[in-house]
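Here is the structure we will look at.
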Amino acid sequence: MVREVVDILAVNQIEVFYHNVIQVLKGVSLEVREKQIVSLLGANGAGKTTTLKAISGLLKAEAGMVTDGDIVFMDKRIDRDLAHKIAKMGIIQVLEGRPVFQHLTAEENLRMGFIGSGGEKDIQKHLELVYGLFPRLRSLKNRTSGFLSGGEQQMMVIGRALLSSPKVMLLDEPSLGLAPLLIQGIFKIIKQINEERKTALLLVEQNALAALEIADYCYVMENGRVVMDGPADQLKENEDIKEFYLGLSKVGSRKSYKDVKHYKRRKRWLS
Amino acid sequence: MLTMQFLVTGILTGGIYALVAVSIVLIYKATRIFNFAVGEMLALGGYFCYSFVVWGGLPLWISLPGALVMAVIVGALVERLVLRPLLSQPLLTIIMATLALSVLLKGIMLMVWTGYDVGFPKNLLPGKTVLVGMIAMSHELLWAFGITLVAFAGLAYFFMKTRTGLKMRGVSEDHELSMACGVNIVTIFAVTWMLAAVMGTLAGFLMGYRLALAPSYTPLLALKAFPAVIFGGLESIPGALIGGLLIGVIEGLVGGLIDPNLGEVSAYILLLLVLIFKPEGLFGLKRIERV
Ligand SMILES: Nc1ncnc2c1ncn2[C@@H]1O[C@H](COP(=O)(O)OP(=O)(O)OP(=O)(O)O)[C@@H](O)[C@H]1O
Ligand SMILES: [Mg+2]
């Protein structure tokens, strides 16, 4: 059966420099299709956050620039647009480290996420939706956000992104620093958002196991390049991924320095 | 009794300082820029109002709103022509640019309104000196205080109840995060400059009405608001109000009871003490840190 799939977001061979001299991305391509969950894995410093910021336009505020390649969203080139325009088109980035407006209340934080031109009724409708997903936020809505717990802040930050009804949500390490039980909860909600609201997701994660579990497709980045990609269930079976991202090795023994060298060799082969 | 009189006069005068202080605080909160042209901007606002009243022969209820509209335009122009081109430059560069702007504005004022003192007709605002017991309150100070309170109430409403107000509060906390929320922060900066120019213009008018306007000394009024701003902790709007009133009171009491010259500098002496013992000001935002 051949089904028409549309990629709503396509990143084509982008190169990114910071301050005109530091090259961080060296030709990255990826695509996100409608209603898809795509995860982006890779070690620290691989360029995952930079990729997300290139898409959302936030790069420009950090003296970063897409110098080559392009980014296309629903048939429109967006890599030269400013962040607030890209957000209005329907791409919302949830930043790394779940930053909140500390001095605003939880509900004011959520309201900050509202982008539409509708009135108070429209906002209320969206707020109800978020409170439906995260009932806990309703009881915390008048609290100063800076005093919420990490898990509550993560809910709020995802809720805030939902307030704009995004077509694509870029999530940067939502599980970072959360307890395992909370992580499970967050991933469940992410899946739920994707299924109920048809929001496409590009998910950056260190927690590869969980990310592969909910993703449809997966990219692996190293050193500013995509070194591997494929459907998530296929990558889960890949020996390299098993060894270096899922921490499983064939014999189940601890990895030794030799394995790491072997990995380096293989990595070169990959890239 | 005399003490009470100085206290009351101080509070009423302090309202004007509070308006200047909040003009500085608004811009600092949103952009981290300390606007050294605040004095010239407020004097310019005062002159606009003067021109409508004296040159145009218009009643105050048209002149003052007219001056505020002019202030909005000036605020927008300053943001567009001076600040926006410098958006990604080091903060120091931008602050120096506000100094340059102050010189430029002073030059324009000298050209248009000359260097001589000008004043408003004394009966511009209705009312007479009010006596409460033995305490006299001149009508221009009562008006100044009333206008200050209305302006601050308006600001509070704007920040707490409107969507743009919320965005401004967001932007004052985190630029990147605000952009990620789809806020056009450059627009917010422009709105901030307009709002600051409006507050300054109110102060300029009230100051001009109380004493007189001159390009040489009206801008110096802003200097008196600096201690108020620092007292308030640079980022706090209620702090600007209380700081302004406090400066008025200190100046009134020290100037009245001890020595008028000492009154002029008393606020600065106190400011030094505050900076030494509580450098974040009395109302500065406490950084929230969870452990
Ligand atoms: N604003 C910046 N200016 C200069 N270099 C930067 C900037 N931001 C990131 N970099 C560099 O770009 C590289 C990639 O950073 P990026 O944040 O994209 O990595 P990441 O894959 O998200 O890593 P992590 O998993 O640690 O979050 C790093 O070497 C980093 O030092
Ligand atoms: Mg990162």
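Everything numeric in this text was worked out from a predicted model, so none of it was measured. Throughout, protein chains are lettered first and strands after them, A, B, ... in sequence-line order, and every chain is numbered starting at 1.
Contacts of Ser172(B) with chain A are absent, with no heavy-atom separation under 4.5 Å from either backbone or side chain. Contacts between Glu62(A) and chain B at a heavy-atom distance below 4.5 Å involve the side chain alone, from C-beta outward. With a 4.5 Å cut-off on non-hydrogen atoms, Ile86(A) does not touch chain B at all. With a 4.5 Å cut-off on non-hydrogen atoms, Val94(A) does not touch chain B at all.
How far CZ of Phe101(A) is from CG of Leu166(B): 8.5 Å, rounded to the nearest 0.5 Å. To the nearest 0.5 Å, the span separating NE2 on His84(A) from CD1 on Ile185(B) amounts to 9.0 Å. In this structure, the separation between CZ on Arg111(A) and NZ on Lys167(B) is 12.5 Å, given to the nearest 0.5 Å. From Leu95(A), atom CG reaches atom CG of Asp174(B) across 8.0 Å, with rounding to the nearest 0.5 Å.
Residues Glu108(A) and Arg169(B) are in side-chain contact: their nearest non-hydrogen atoms beyond the backbone lie under 4.5 Å apart. Side chains of Arg163(B) and Ile123(A) form a contact here, defined as non-hydrogen atoms less than 4.5 Å apart.
Leu81(B) CG: more than 12 foreign heavy atoms inside a 6.0 Å radius. Within a 6.0 Å sphere centred on CZ of Arg136(A), heavy atoms belonging to other residues, nucleotides or ligands number 12 at most. Within 6.0 Å of atom OH in Tyr18(A), more than 12 heavy atoms from other residues, nucleotides or ligands are found, so the atom counts as buried in its surroundings. The environment of Arg77(A) atom CZ is dense: over 12 non-hydrogen atoms of other residues, nucleotides or ligands sit within 6.0 angstrom. Residue Arg84(B) qualifies as enclosed at atom CZ: its count of foreign heavy atoms under 6.0 Å is above 12.
Across all their heavy atoms, Ala61(A) and Met179(B) have their closest contact at CB-CE, 3.3 Å. Summarising the geometry of Ala87(A) relative to Gly182(B), their closest heavy-atom pair is CB-CA, 3.6 Å, with the distance given to 0.1 Å.
Heavy-atom proximity under 4.5 angstrom to chain B picks out Lys53(A), Leu58(A) from residues 51-60 of chain A. Contacts from residues 155-171 of chain A to chain B, taken as heavy-atom pairs separated by less than 4.5 Å, involve Arg160(A) in sequence order.
In this structure, the side chain of Glu173(B) engages the main chain of His103(A) through a donor-acceptor pair within 3.5 Å.
Counting heavy-atom pairs under 4.5 Å between each of Val183(B), Leu87(B), Leu177(B) and chain A puts Leu177(B) at the top.
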